[in-house]
Amino acid sequence: MFSFFAPWAESRRSLLLILPAALLLTAFVAAIAVSTRESDSAQAASAGMSIRVFDDKAKSALVCDTGAVQRKCNVAADSSFSIDVITDQPPAGGFSAYKLVLQYTDNLNVVQQPGVEENRAPHCDLPSEIKSPGLYTISCKVVPSGSGQVSDYDGTLANIYFTCKPQNGEGQIDILAGQGANSSAYTRPGTINPVIIPLKSEAKGGKQVGDAVTINCVPPTPTPTNTHTPTNTPTNTPTPTNTPTNTPTPTNTPTPTNTGTPTHTPTITPTPTVTLTPTNTGTLTPTATEIKSPKMSLRVYADKEKTDLVCEFGAVGRKCNLLKGSNFTVEIVASAPPPGGYSSYRAVLQYSGNVNLVQQTGLTENKAPKCNIGTETKLPGFYVLACKVVPVFSGQLIHYVGPLANVHFDCKNGNAQIDIVSGTGSLTSAYTQPGGTGSTTIPLKGEPKGNKLVSDSVHINCDVATATPTLTPTLTLTPTPTPSHTPTLTPTPTLTPTPTLTPTPTPTPTPSKVPFPGDADGDGCADVRENGPDPALGGVRDYQDPWDFYDVAGLSGPTPDGVIDLLNDVLGVINHYSPTGAPPYDANFDRGPSTGPNPWNMTAPDGVIDLLIDILGIISQSGHDCT
């Protein structure tokens with residue numbers, strides 16, 4: 001799901017020094033809730049998920065209840081319907097998270113919902129969602145992160161919308177089960193890692209399914225019932241007896257005597273005098289000076305509802321006074337989108353001092369018009385939100401100016417700092433546009449602050465005893481937008497030429513490609529896949545680079561399985577986190593910095609497994625499949 005953000009240049013390892021190793025591991029192990037190296041197959045007999053089918057999105061009529069695998073459900077062709085996936089048998093002892101994988105045939109389409117609104121469980125603290133042709137995956141932690149709690153919830157886990165294509169026929173929806181990478185499961189806390197509890201299942205074709213339904217897309221039949229209405233028309237036949245009385249009406253035909261009036265029409269011909277107006281067109285040429293450097297800016301509100309504006313746009317590092325102990329909102333705004341528009345964005349907030357990030361459900365932080373494919377990362381000191389804001393694969397662009405995200409914080413005593421990180425590293429904010437084989441990243445203009453570049457920055461003062469005085473500073477801040485237009489900011493783009501590293505991908509178009517099933521670099525992804533156009537299928541890679549398909553050994557076995565997924569690969573790298581190279585370091589889980597233009601253009605192991613290169617590097621490839 002991260003494949004539309006590119007390129008990521010070499011990261012700054014210095015940022016990692018501010019994240020203690022123990023705290024980082026705790027955050028990530030909590031974040032990958034539906035992941036484990038332990039398995040409890042004894043629970044499989046008592047853990048299940050089932051499907052209910054409704055004839056519309058509002059679930060007004062139940063078409064199929066739970067029942068035998070492969071039951072048939074009639075749905076109107078060329079219509080929308082929805083399915084509920086329910087915990088008909090939660091595992092004995094409860095669960096803390098779930099992963100649902102649906103497989104469906106090509107005469108059905110998944111209908112996008114904002115964020116991860118498909119989730120219907122009580123919580124979704126650390127969501128993950130992947131939508132690809134024929135597969136839909138959602139993972140959610142249903143108890144507070146890091147709490148060690150379990151839930152006995154027995155009800156709807158997810159509600160997914162589909163459309164029945166107009167060509168009618170039968171479709172198929174399966175809950176994939178078993179032990180593979182693309183399998184549904186429950187998890188709960190274990191002694192070291194979460195324990196995965198596979199679903200009870202039965203064989204269907206070459207796979208295991210927890211439940212399956214056949215969708216019969218039936219054409220609507222009720223419309224022919226209107227054919228009986230013409231039987232009433234003969235009763236009107238006597239009325240023609242009145243028609244002869246109207247024959248004298250032709251006496252009005254002399255009206256054509258007015259035809260002499262057209263003689264006045266030639267007076268219109270002098271209108272060509274308007275042709276003098278083109279002389280003004282030359283005045284439009286100066287508008288080229290309106291080109292802006294891409295930017296994101298911050299607004300700060302004293303509450304979650306954004307009723308009390310504390311800080312408007314202004315000088316970088318401006319002070320925002322807030323009530324001690326209050327909840328406040330930081331709004332990330334697309335204040336200057338790139339010329340030509342954009343198709344997605346990535347916003348990276350770095351915060352320090354006396355503030356805490358407040359969790360929101362799913363990707364509700366996003367405030368852009370859409371979030372067709374989204375991802376969210378919450379780490380100590382960092383919040384990252386990325387969204388594709390146009391329909392997937394549409395190639396469209398938008399020029400939206402306005403809020404991209406609302407992020408909630410708690411204000412403790414003392415001061416804090418919140419920055420929009422810019423530049424060209426992996427943890428940087430950016431806009432993207434469709435490119436030739438991937439996406440083109442457009443970094444934000446920034447100015448130096450410490451050892452990084454920032455597009456905007458605010459200083460949070462949490463020492464205010466009462467809320468009312470915080471209103472008076474806002475008047476002094478309103479003139480501050482004028483500095484943002486001063487020429488002093490324009491020199492900062494001199495930092496942006498750092499993407500001169502991006503020409504290095506020129507080796508990728510090298511000739512003499514090895515034919516299928518060749519795998520010249522031995523990374524488990526066939527050369528024809530790596531030379532293809534779709535990153536999610538292993539494409540846009542160098543077939544001679546053994547490090548650009550980050551597939552590692554995971555739960556599925558001692559060797560890579562051809563799929564980069566959450567349960568096996570992401571957790572595998574996290575479990576070997578070692579910023580110093582000490583145990584549990586394992587070179588099989590290590591990669592070196594990306595050389596661009598894409599985040600997966602990684603290099604040979606560099607002796608350490610860290611956040612910015614390895615963990616974020618494998619997350620950027622999550623869902624890529626070479627099987």
Side-chain angles (χ1 to χ4, degrees), residues 1-2 27-28 30-35 57-59 82 84-87 90 94-100 110-131 136-161 186-187 301 303-307 326-332 345-349 351 355-380 382-389 403-410 566 619 622:
M1 69 165 49
F2 288 49
F28 262 101
I32 312 303
V34 189
S35 49
K57 294 179 181 179
K59 302 196 294 183
S82 66
D84 272 356
V85 178
I86 62 170
T87 56
F95 63 105
S96 58
Y98 74 88
K99 178 184 179 184
L100 168 64
V110 166
V111 179
Q112 177 71 37
Q113 297 183 51
V116 286
E117 289 186 5
E118 290 85 351
N119 173 69
R120 293 295 187 274
H123 296 279
C124 191
D125 275 354
L126 298 164
S128 173
E129 182 181 58
I130 301 174
K131 296 178 181 177
Y136 172 77
T137 304
I138 183 171
S139 301
C140 277
K141 191 170 183 67
V142 299
V143 297
S145 303
S147 66
Q149 299 175 10
V150 294
S151 170
D152 295 315
Y153 174 69
D154 184 359
T156 304
L157 289 175
N159 177 239
I160 300 99
Y161 300 158
Y186 296 99
T187 66
Y301 296 83
D303 55 359
K304 292 182 179 178
E305 293 75 24
K306 300 196 304 181
T307 61
S326 64
N327 293 325
F328 67 98
T329 300
V330 172
E331 186 176 68
I332 305 171
Y345 74 87
R346 182 175 69 231
V348 181
L349 283 186
Y351 58 95
V355 292
N356 283 332
L357 187 70
V358 178
Q359 175 73 38
Q360 298 182 51
T361 303
L363 297 176
T364 53
E365 288 89 349
N366 173 68
K367 291 298 179 285
K370 295 180 183 293
C371 190
N372 282 319
I373 298 179
T375 181
E376 180 182 59
T377 304
K378 297 178 181 178
L379 302 172
F382 283 91
Y383 173 76
V384 183
L385 177 64
C387 279
K388 191 171 185 68
V389 294
L404 294 174
N406 284 346
V407 188
H408 296 162
F409 289 91
D410 284 332
L566 190 67
I619 288 176
S622 178

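Just so it is clear, the structure is predicted and the values come from calculations on it, not from any experiment.
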So Ile332 and Leu349, do their side chains get closer than 4.5 Å, heavy atoms only?
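In short, these two side chains touch, coming nearer than 4.5 Å.
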
Step-by-step side-chain contact (heavy atoms from CB on, under 4.5 Å) determination, Ile160 to Tyr136
CA-CA 9 Å; Ile160 300 99; Tyr136 172 77; 3.7 Å; yes

Do Tyr383 and Glu376 have side-chain atoms, one donor and one acceptor, less than 3.5 Å apart?
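Tyr383 vs Glu376: donor-acceptor pair found between side chains.
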
How far does CG of Leu363 sit from SG of Cys371, to the nearest 0.5 angstrom?
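Spacing of CG (Leu363) from SG (Cys371) equals 5.0 Å.
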
Does the side chain of Glu365 come within less than 4.5 Å of Asn406's, by heavy atoms?
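They are not in side-chain contact.
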
Report yes if the side chains of Glu118 and Leu100 come closer than 4.5 Å at any heavy-atom pair, otherwise no.
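Not in contact.
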
Hey, are Lys59 and Asp84 close enough for a salt bridge, meaning a charged N less than 4.0 Å from a carboxylate O?
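Yes, Lys59 and Asp84 are salt-bridged.
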
Within this structure, what is the OG1-NE2 distance for the pair Thr364 and His408, rounded to the nearest 0.5 Å?
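One gets 8.0 Å once the value is rounded to the nearest 0.5 Å.
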
Would you call Asp303 and Ser326 a side-chain contact if the rule is heavy atoms closer than 4.5 Å?
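A side-chain contact under 4.5 Å is absent here.
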
For the CD atom of Gln112 and the CG atom of Asn372, what is their distance to the nearest 0.5 Å?
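So the gap between those two atoms works out to 5.0 Å.
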
Under the 3.5 angstrom rule, does the side chain of Gln113 hit a backbone N or O of Asn159 as a donor-acceptor pair?
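Side chain of Gln113 to backbone of Asn159, a donor-acceptor pair under 3.5 Å: yes, one is there.
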
Quick one: does any side-chain atom of Tyr345 pair with a main-chain N or O of Leu404 as donor and acceptor, under 3.5 Å?
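Yes, the answer is positive, given that a donor and an acceptor are paired below the 3.5 Å cut-off.
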
Whether over 12 other heavy atoms sit under 6.0 Å from Lys367 NZ
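Yes, enclosed.
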
Shortest non-hydrogen contact from Ser151 toward Tyr153
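Closest approach of Ser151 to Tyr153: OG-N, 3.0 Å.
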
Heavy atoms only: give me the nearest Arg346-Val384 pair and the separation to one decimal.
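In this case the closest contact between Arg346 and Val384 is CG-CG1, 4.1 Å.
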
SG-CD distance between Cys124 and Gln359, expressed to the nearest 0.5 angstrom:
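Reported to 0.5 Å precision, the distance equals 9.0 Å.
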
Check: Ser139 and Leu566 side chains under 4.5 Å, non-hydrogen atoms:
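Side-chain contact under 4.5 Å: yes.
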
Within this structure, what is the CD-OH distance for the pair Glu117 and Tyr161, rounded to the nearest 0.5 Å?
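Reported value, rounded in 0.5 Å steps: 8.0 Å.
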
Is the shortest heavy-atom distance from the side chain of Ile373 to the side chain of Lys131 under 4.5 Å?
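Ile373 vs Lys131: side chains apart.
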
Heavy-atom pair of closest approach, residues Val142 and His123:
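The pair with the smallest heavy-atom distance is O-CD2, 3.3 Å.
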
What are the two closest non-hydrogen atoms of Val116 and Pro127, and how far apart are they?
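Heavy atoms of Val116 and Pro127 come nearest at CG2-CB, 3.6 Å.
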
Counting distance only, does the side-chain N/O of Gln149 pair as donor-acceptor with the main-chain N or O of Pro144 below 3.5 Å?
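No: the side chain of Gln149 does not pair with the backbone of Pro144.
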
Heavy atoms, side chains only, cut-off 4.5 Å: are Thr87 and Tyr98 in contact?
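Side chain of Thr87 against side chain of Tyr98, heavy atoms only: no contact under 4.5 Å found.
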
Among all residues two or more places apart in sequence or in another chain, which pass the ring-ring contact (aromatic ring centres under 6.0 Å, His included) test with Phe409?
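Result, ring-ring contact (aromatic ring centres under 6.0 Å, His included) vs Phe409: Phe328, Tyr351.
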
From CA spacing to verdict: side-chain contact (heavy atoms from CB on, under 4.5 Å), Val150, Val143
CA-CA 7 Å; Val150 294; Val143 297; 5.7 Å; no

Would a 4.5 Å heavy-atom cut-off, applied to side chains only, mark Leu157 and Tyr186 as touching?
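Answer yes - side chains close enough.
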
